[in-house]
Amino acid sequence: MRRGFWATAIGVSAALFLFLLATGFRQDPNAISSPLIHKPASAFALRAIDGKRTVSLARLRGRPVVLNFSASWCVDCRIDQEYLSAAWQKYAGKGVAFISVLYQDNASSMRSFTRQYGGGWPILRDPGQQTAINYGVYGVPETFFINRRGIVQYKSTGPVPWDVLNTQVRELLSSPV
Amino acid sequence: MKRWLGWIAIAWLLILCAVALLAYGRATPTTSLSDRTLAIARELRCPVCQGESVADSQSGISQGIRAIIRRKLADGQSPDAIKRYFVARYGNKILLSPPSSGIGSVAWLAPPLLVAGGMGLLLTLVFDWRSRSRVPLSPARHEYLERVQTELAIGESGTSNEEEW
(Lines give C-alpha, C1' and ligand atoms only; values in the text may rest on other atoms or scores of the structure.)
Protein backbone atom coordinates (compact mmCIF):
# COMPACT_ATOMS: atom_id res chain seq x y z
CA MET A 1 0.00 0.00 0.00
CA ARG A 2 2.78 2.36 1.07
CA ARG A 3 4.86 1.41 -1.97
CA GLY A 4 1.88 2.07 -4.19
CA PHE A 5 1.46 5.55 -2.70
CA TRP A 6 5.08 6.50 -3.26
CA ALA A 7 5.12 5.05 -6.78
CA THR A 8 2.01 7.09 -7.64
CA ALA A 9 3.47 10.27 -6.09
CA ILE A 10 6.77 9.89 -7.99
CA GLY A 11 4.91 9.01 -11.20
CA VAL A 12 2.62 12.05 -10.98
CA SER A 13 5.58 14.37 -10.19
CA ALA A 14 7.60 12.99 -13.12
CA ALA A 15 4.61 13.36 -15.45
CA LEU A 16 4.10 16.99 -14.35
CA PHE A 17 7.80 17.74 -14.79
CA LEU A 18 7.84 16.21 -18.29
CA PHE A 19 4.67 18.11 -19.21
CA LEU A 20 6.27 21.41 -18.14
CA LEU A 21 9.44 20.62 -20.11
CA ALA A 22 7.46 19.61 -23.20
CA THR A 23 5.36 22.80 -23.00
CA GLY A 24 8.40 25.02 -22.41
CA PHE A 25 10.55 23.58 -25.19
CA ARG A 26 7.78 23.98 -27.76
CA GLN A 27 7.72 27.75 -27.19
CA ASP A 28 10.07 30.15 -28.92
CA PRO A 29 11.78 32.13 -26.12
CA ASN A 30 12.21 35.10 -28.47
CA ALA A 31 8.59 35.17 -29.62
CA ILE A 32 6.47 37.89 -28.07
CA SER A 33 2.81 37.11 -28.51
CA SER A 34 0.40 39.94 -29.08
CA PRO A 35 -3.19 40.08 -27.87
CA LEU A 36 -3.91 42.29 -30.91
CA ILE A 37 -3.87 39.44 -33.43
CA HIS A 38 -7.30 39.00 -35.07
CA LYS A 39 -8.47 42.23 -33.42
CA PRO A 40 -9.20 45.57 -35.12
CA ALA A 41 -6.04 47.61 -35.59
CA SER A 42 -5.83 50.69 -33.41
CA ALA A 43 -6.69 53.85 -35.35
CA PHE A 44 -4.10 56.56 -35.83
CA ALA A 45 -3.64 59.79 -37.76
CA LEU A 46 0.00 60.87 -37.72
CA ARG A 47 2.05 63.48 -39.53
CA ALA A 48 4.76 62.28 -41.86
CA ILE A 49 8.36 63.36 -41.24
CA ASP A 50 8.27 65.38 -44.47
CA GLY A 51 5.67 67.53 -42.68
CA LYS A 52 3.46 67.69 -45.73
CA ARG A 53 0.84 65.06 -45.05
CA THR A 54 -1.06 63.24 -42.36
CA VAL A 55 -1.62 59.53 -42.77
CA SER A 56 -4.60 57.92 -41.07
CA LEU A 57 -5.37 54.21 -40.90
CA ALA A 58 -9.05 54.91 -41.46
CA ARG A 59 -8.31 56.30 -44.92
CA LEU A 60 -6.45 53.12 -45.82
CA ARG A 61 -9.45 50.88 -45.12
CA GLY A 62 -9.86 48.45 -47.99
CA ARG A 63 -6.10 48.25 -48.61
CA PRO A 64 -3.67 45.80 -47.01
CA VAL A 65 -1.30 47.66 -44.67
CA VAL A 66 2.20 46.75 -43.54
CA LEU A 67 2.80 48.87 -40.44
CA ASN A 68 6.40 48.95 -39.26
CA PHE A 69 7.85 50.52 -36.10
CA SER A 70 11.46 51.44 -36.65
CA ALA A 71 14.38 53.61 -35.58
CA SER A 72 17.67 54.61 -37.19
CA TRP A 73 19.66 53.72 -34.05
CA CYS A 74 18.41 50.12 -34.09
CA VAL A 75 20.82 47.67 -35.73
CA ASP A 76 18.14 45.07 -36.57
CA CYS A 77 16.10 47.79 -38.28
CA ARG A 78 18.77 48.03 -41.01
CA ILE A 79 18.15 44.45 -42.12
CA ASP A 80 14.41 44.98 -41.72
CA GLN A 81 14.50 48.14 -43.81
CA GLU A 82 16.28 46.39 -46.70
CA TYR A 83 13.68 43.58 -46.74
CA LEU A 84 10.80 46.03 -46.44
CA SER A 85 12.26 48.12 -49.24
CA ALA A 86 12.39 45.07 -51.53
CA ALA A 87 8.83 44.12 -50.55
CA TRP A 88 7.62 47.70 -51.12
CA GLN A 89 9.06 47.67 -54.64
CA LYS A 90 7.37 44.34 -55.29
CA TYR A 91 3.94 44.93 -53.72
CA ALA A 92 3.25 48.68 -53.58
CA GLY A 93 1.98 48.58 -57.16
CA LYS A 94 -0.51 45.89 -56.09
CA GLY A 95 -2.16 48.19 -53.58
CA VAL A 96 -0.29 47.29 -50.39
CA ALA A 97 0.31 50.34 -48.19
CA PHE A 98 3.66 50.39 -46.38
CA ILE A 99 3.95 52.71 -43.38
CA SER A 100 6.75 53.20 -40.90
CA VAL A 101 6.31 54.85 -37.51
CA LEU A 102 9.30 56.48 -35.83
CA TYR A 103 10.17 54.99 -32.49
CA GLN A 104 12.15 57.30 -30.19
CA ASP A 105 14.01 58.82 -33.09
CA ASN A 106 14.22 62.06 -35.02
CA ALA A 107 13.30 62.87 -38.59
CA SER A 108 16.77 63.82 -39.86
CA SER A 109 18.40 60.59 -38.62
CA MET A 110 15.61 58.59 -40.22
CA ARG A 111 16.00 60.42 -43.54
CA SER A 112 19.68 59.48 -43.78
CA PHE A 113 18.77 55.94 -42.63
CA THR A 114 16.29 55.52 -45.50
CA ARG A 115 18.82 56.94 -47.98
CA GLN A 116 21.25 54.23 -46.87
CA TYR A 117 18.95 51.23 -46.42
CA GLY A 118 16.07 52.03 -48.76
CA GLY A 119 12.61 53.45 -48.38
CA GLY A 120 10.10 55.62 -50.16
CA TRP A 121 6.94 54.95 -48.20
CA PRO A 122 5.57 57.36 -45.57
CA ILE A 123 7.45 57.59 -42.27
CA LEU A 124 5.31 59.00 -39.49
CA ARG A 125 6.12 60.86 -36.28
CA ASP A 126 4.65 59.39 -33.10
CA PRO A 127 4.60 62.05 -30.37
CA GLY A 128 4.84 60.48 -26.91
CA GLN A 129 4.97 57.00 -28.50
CA GLN A 130 1.17 56.89 -28.19
CA THR A 131 0.74 54.78 -31.34
CA ALA A 132 3.58 52.44 -30.33
CA ILE A 133 1.86 51.95 -26.96
CA ASN A 134 -1.51 51.41 -28.68
CA TYR A 135 0.11 48.62 -30.67
CA GLY A 136 1.82 47.14 -27.62
CA VAL A 137 5.31 47.62 -29.08
CA TYR A 138 8.06 46.12 -26.91
CA GLY A 139 10.97 47.19 -29.09
CA VAL A 140 11.97 47.81 -32.67
CA PRO A 141 11.64 46.59 -35.29
CA GLU A 142 8.10 45.30 -34.98
CA THR A 143 5.81 44.90 -37.98
CA PHE A 144 2.05 44.49 -38.08
CA PHE A 145 0.20 43.08 -41.06
CA ILE A 146 -3.29 44.58 -41.25
CA ASN A 147 -5.83 43.17 -43.70
CA ARG A 148 -8.30 45.06 -45.87
CA ARG A 149 -10.91 44.98 -43.09
CA GLY A 150 -8.55 46.67 -40.67
CA ILE A 151 -7.86 43.50 -38.65
CA VAL A 152 -4.35 42.68 -37.41
CA GLN A 153 -3.48 39.46 -39.19
CA TYR A 154 0.10 38.91 -37.98
CA LYS A 155 2.81 40.56 -35.93
CA SER A 156 6.52 40.11 -36.41
CA THR A 157 9.10 40.93 -33.75
CA GLY A 158 12.57 41.68 -35.05
CA PRO A 159 13.50 41.81 -38.73
CA VAL A 160 10.78 40.11 -40.79
CA PRO A 161 12.33 37.16 -42.65
CA TRP A 162 11.91 37.54 -46.41
CA ASP A 163 9.78 34.40 -46.77
CA VAL A 164 7.49 35.45 -43.89
CA LEU A 165 7.17 38.93 -45.38
CA ASN A 166 6.15 37.48 -48.75
CA THR A 167 3.73 34.96 -47.25
CA GLN A 168 2.04 37.54 -45.04
CA VAL A 169 1.70 40.15 -47.79
CA ARG A 170 0.25 37.54 -50.16
CA GLU A 171 -2.26 36.56 -47.46
CA LEU A 172 -3.17 40.22 -47.02
CA LEU A 173 -3.72 40.58 -50.75
CA SER A 174 -5.98 37.52 -50.79
CA SER A 175 -8.03 38.72 -47.82
CA PRO A 176 -11.59 39.80 -48.68
CA VAL A 177 -12.61 43.45 -48.51
CA MET B 1 -8.36 35.85 38.27
CA LYS B 2 -5.09 35.98 36.38
CA ARG B 3 -6.78 34.32 33.42
CA TRP B 4 -9.44 37.08 33.31
CA LEU B 5 -6.77 39.74 33.37
CA GLY B 6 -5.11 38.11 30.34
CA TRP B 7 -8.37 38.14 28.37
CA ILE B 8 -8.98 41.80 29.25
CA ALA B 9 -5.48 42.72 28.07
CA ILE B 10 -6.04 40.95 24.73
CA ALA B 11 -9.42 42.69 24.32
CA TRP B 12 -7.81 46.09 24.97
CA LEU B 13 -5.07 45.34 22.46
CA LEU B 14 -7.64 44.44 19.79
CA ILE B 15 -9.65 47.61 20.49
CA LEU B 16 -6.50 49.72 20.23
CA CYS B 17 -5.57 48.09 16.90
CA ALA B 18 -9.09 48.70 15.52
CA VAL B 19 -9.01 52.36 16.62
CA ALA B 20 -5.54 52.85 15.13
CA LEU B 21 -6.65 51.34 11.80
CA LEU B 22 -9.77 53.52 11.70
CA ALA B 23 -7.77 56.64 12.55
CA TYR B 24 -5.19 55.82 9.85
CA GLY B 25 -7.92 55.29 7.28
CA ARG B 26 -9.51 58.66 8.03
CA ALA B 27 -6.23 60.54 8.32
CA THR B 28 -5.02 59.40 4.86
CA PRO B 29 -5.49 62.44 2.64
CA THR B 30 -7.11 62.17 -0.79
CA THR B 31 -4.24 61.20 -3.08
CA SER B 32 -3.28 63.53 -5.88
CA LEU B 33 -3.49 62.68 -9.60
CA SER B 34 0.29 62.21 -9.69
CA ASP B 35 0.17 59.76 -6.76
CA ARG B 36 -2.64 57.79 -8.35
CA THR B 37 -0.76 57.75 -11.67
CA LEU B 38 2.36 56.41 -9.97
CA ALA B 39 0.33 53.83 -8.02
CA ILE B 40 -0.89 52.30 -11.31
CA ALA B 41 2.50 52.74 -12.99
CA ARG B 42 4.09 50.73 -10.16
CA GLU B 43 1.94 47.74 -11.12
CA LEU B 44 3.01 47.85 -14.78
CA ARG B 45 6.24 46.50 -16.24
CA CYS B 46 8.30 48.80 -18.43
CA PRO B 47 8.12 47.09 -21.87
CA VAL B 48 11.70 47.95 -22.86
CA CYS B 49 13.47 47.55 -19.49
CA GLN B 50 14.73 44.63 -17.45
CA GLY B 51 12.53 44.11 -14.39
CA GLU B 52 11.70 47.77 -13.94
CA SER B 53 8.27 49.22 -13.37
CA VAL B 54 6.77 51.96 -15.50
CA ALA B 55 6.91 54.20 -12.40
CA ASP B 56 10.68 53.73 -11.97
CA SER B 57 11.72 53.75 -15.62
CA GLN B 58 12.85 56.89 -17.40
CA SER B 59 12.49 55.35 -20.89
CA GLY B 60 10.43 57.24 -23.45
CA ILE B 61 7.82 54.48 -23.65
CA SER B 62 7.32 54.49 -19.86
CA GLN B 63 6.92 58.25 -19.92
CA GLY B 64 4.31 57.77 -22.64
CA ILE B 65 2.50 55.12 -20.58
CA ARG B 66 2.49 57.40 -17.52
CA ALA B 67 1.01 60.18 -19.67
CA ILE B 68 -1.78 57.84 -20.84
CA ILE B 69 -2.50 56.72 -17.24
CA ARG B 70 -2.68 60.33 -16.11
CA ARG B 71 -5.01 61.30 -18.95
CA LYS B 72 -7.30 58.33 -18.36
CA LEU B 73 -7.46 59.01 -14.60
CA ALA B 74 -8.31 62.63 -15.31
CA ASP B 75 -11.09 61.36 -17.60
CA GLY B 76 -12.50 59.45 -14.61
CA GLN B 77 -11.47 55.92 -15.61
CA SER B 78 -10.90 53.39 -12.83
CA PRO B 79 -7.44 51.88 -12.15
CA ASP B 80 -8.75 48.45 -13.19
CA ALA B 81 -10.04 49.78 -16.51
CA ILE B 82 -6.68 51.46 -17.16
CA LYS B 83 -4.77 48.25 -16.41
CA ARG B 84 -7.14 46.35 -18.72
CA TYR B 85 -6.35 48.89 -21.46
CA PHE B 86 -2.64 48.05 -21.28
CA VAL B 87 -3.23 44.30 -20.91
CA ALA B 88 -5.35 44.42 -24.09
CA ARG B 89 -2.30 45.79 -25.94
CA TYR B 90 0.68 44.14 -24.27
CA GLY B 91 -0.89 41.04 -22.76
CA ASN B 92 -0.55 39.93 -19.14
CA LYS B 93 3.23 40.36 -19.39
CA ILE B 94 2.74 44.07 -18.78
CA LEU B 95 1.52 43.32 -15.23
CA LEU B 96 4.22 43.02 -12.58
CA SER B 97 1.96 40.73 -10.51
CA PRO B 98 0.15 37.88 -12.24
CA PRO B 99 -3.64 38.32 -12.53
CA SER B 100 -5.79 36.59 -9.92
CA SER B 101 -8.05 35.05 -12.56
CA GLY B 102 -7.45 32.54 -15.37
CA ILE B 103 -4.05 30.88 -15.71
CA GLY B 104 -2.52 33.64 -13.54
CA SER B 105 -4.43 32.32 -10.54
CA VAL B 106 -2.09 29.30 -10.55
CA ALA B 107 0.74 31.59 -9.44
CA TRP B 108 -1.35 32.73 -6.46
CA LEU B 109 -2.80 29.33 -5.56
CA ALA B 110 0.29 27.17 -6.07
CA PRO B 111 2.37 28.39 -3.06
CA PRO B 112 -0.35 27.86 -0.38
CA LEU B 113 -1.35 24.56 -2.02
CA LEU B 114 2.26 23.38 -2.05
CA VAL B 115 2.71 24.41 1.60
CA ALA B 116 -0.54 22.62 2.54
CA GLY B 117 0.55 19.55 0.58
CA GLY B 118 3.97 19.59 2.25
CA MET B 119 2.37 19.90 5.70
CA GLY B 120 -0.01 17.05 4.87
CA LEU B 121 2.88 14.86 3.74
CA LEU B 122 4.86 15.71 6.87
CA LEU B 123 1.88 14.88 9.12
CA THR B 124 1.29 11.62 7.25
CA LEU B 125 4.93 10.66 7.73
CA VAL B 126 4.84 11.56 11.44
CA PHE B 127 1.64 9.55 12.05
CA ASP B 128 3.03 6.70 10.03
CA TRP B 129 6.25 6.73 12.10
CA ARG B 130 4.32 6.89 15.37
CA SER B 131 1.94 4.06 14.42
CA ARG B 132 4.91 1.94 13.34
CA SER B 133 6.52 2.43 16.78
CA ARG B 134 3.36 0.98 18.38
CA VAL B 135 3.61 -2.36 16.55
CA PRO B 136 3.91 -5.17 19.21
CA LEU B 137 7.32 -6.81 19.41
CA SER B 138 7.81 -10.38 18.34
CA PRO B 139 8.63 -12.84 21.23
CA ALA B 140 12.22 -13.27 19.96
CA ARG B 141 12.77 -9.49 19.78
CA HIS B 142 11.12 -9.04 23.19
CA GLU B 143 13.48 -11.61 24.69
CA TYR B 144 16.47 -9.95 23.01
CA LEU B 145 15.54 -6.49 24.38
CA GLU B 146 15.09 -7.92 27.87
CA ARG B 147 18.57 -9.42 27.63
CA VAL B 148 20.00 -6.08 26.51
CA GLN B 149 18.34 -4.29 29.42
CA THR B 150 19.59 -6.88 31.90
CA GLU B 151 23.14 -6.57 30.57
CA LEU B 152 22.95 -2.80 30.74
CA ALA B 153 21.70 -2.96 34.33
CA ILE B 154 24.60 -5.19 35.25
CA GLY B 155 27.01 -2.80 33.54
CA GLU B 156 25.63 0.23 35.43
CA SER B 157 25.88 -1.53 38.81
CA GLY B 158 29.57 -2.17 38.04
CA THR B 159 29.39 -5.90 38.39
CA SER B 160 30.30 -6.67 34.82
CA ASN B 161 33.39 -8.70 34.35
CA GLU B 162 35.42 -6.41 32.09
CA GLU B 163 38.46 -8.67 32.30
CA GLU B 164 36.65 -11.10 30.03
CA TRP B 165 36.94 -8.51 27.26
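Only this structure's heavy atoms are used, side chains among them; waters, hydrogens and symmetry mates stay out. So you know, we letter chains A, B, ... as the sequences are listed, proteins then strands, and number each from 1.
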Visitor: In this structure, would Val140(A) and Ile123(A) fall into the same cluster of hydrophobic residues linked by side-chain contacts under 4.5 Å?
Guide: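 Per the 4.5 Å side-chain linkage, Val140(A) and Ile123(A) are not co-clustered.
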Visitor: Look at atom CZ of Phe113(A) and say whether more than 12 heavy atoms of other residues, nucleotides or ligands are closer to it than 6.0 Å.
Guide: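 Atom CZ in Phe113(A) is packed in, count exceeds 12.
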Visitor: Give the minimum heavy-atom separation between Arg89(B) and Pro35(A), together with the two atoms involved.
Guide: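 Arg89(B) and Pro35(A) have their closest heavy atoms at O-CD, 3.5 Å.
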Visitor: What are the two closest non-hydrogen atoms of Ile133(A) and Gly64(B), and how far apart are they?
Guide: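 What the structure gives for the nearest pair is CD1-C, 3.5 Å.
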Visitor: The test is side-chain contact (heavy atoms from CB on, under 4.5 Å); show your working for Ile61(B) and Gln104(A) and say whether it passes.
Guide: CA-CA 8 Å; Ile61(B) 204 106; Gln104(A) 295 180 21; 4.0 Å; yes
Visitor: Who are the side-chain hydrogen bond (donor to acceptor under 3.5 Å, both in side chains) partners of Tyr154(A), not counting sequence neighbours?
Guide: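 Testing Tyr154(A) for side-chain hydrogen bond (donor to acceptor under 3.5 Å, both in side chains), a comparison that skips the adjacent residues, returns none.
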Visitor: Indicate if Phe144(A) and Trp121(A) have the same hydrophobic cluster label, given that clusters are the connected sets of ILVMFWY residues with side-chain heavy-atom separations under 4.5 angstrom.
Guide: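 No, Phe144(A) and Trp121(A) fall in different hydrophobic clusters.
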Visitor: Same cluster or not: Val160(A) versus Trp162(A), using hydrophobic residues (I, L, V, M, F, W, Y) connected whenever any side-chain heavy atoms lie under 4.5 Å apart?
Guide: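 As far as the 4.5 Å side-chain criterion goes, Trp162(A) and Val160(A) are connected within one cluster.
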Visitor: Is there a chain of hydrophobic side chains (I, L, V, M, F, W, Y, each step under 4.5 Å between heavy atoms) that links Ile99(A) to Val66(A)?
Guide: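 Cluster IDs for Ile99(A) and Val66(A) differ.
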Visitor: Is Glu143(B) atom CD crowded by more than 12 heavy atoms from other residues, nucleotides or ligands, each under 6.0 Å away?
Guide: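 Open.
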Visitor: Quick check: under 4.5 Å, non-hydrogen atoms only, which of residues 81-88 of chain B neighbour chain A?
Guide: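 Residues in range: Tyr85(B), Phe86(B), Val87(B), Ala88(B).
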Visitor: Less than 4.5 Å apart, any side-chain heavy atom of Tyr103(A) and any of Val48(B)?
Guide: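 With C-beta onward as the side chain, the pair touches.
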Visitor: Consider only side-chain heavy atoms of I, L, V, M, F, W and Y, link residues closer than 4.5 Å, and tell whether Leu102(A) and Tyr117(A) are in one cluster.
Guide: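 Leu102(A) and Tyr117(A): one cluster.
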Visitor: Is it the side chain or the backbone of Arg71(B) that comes within 4.5 Å of chain A heavy atoms, both, or neither?
Guide: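 Side chain only.
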Visitor: Indicate the atoms forming the closest heavy-atom contact of Tyr90(B) with Tyr138(A), along with that distance.
Guide: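 Result for this residue pair: O-OH, 3.2 Å.
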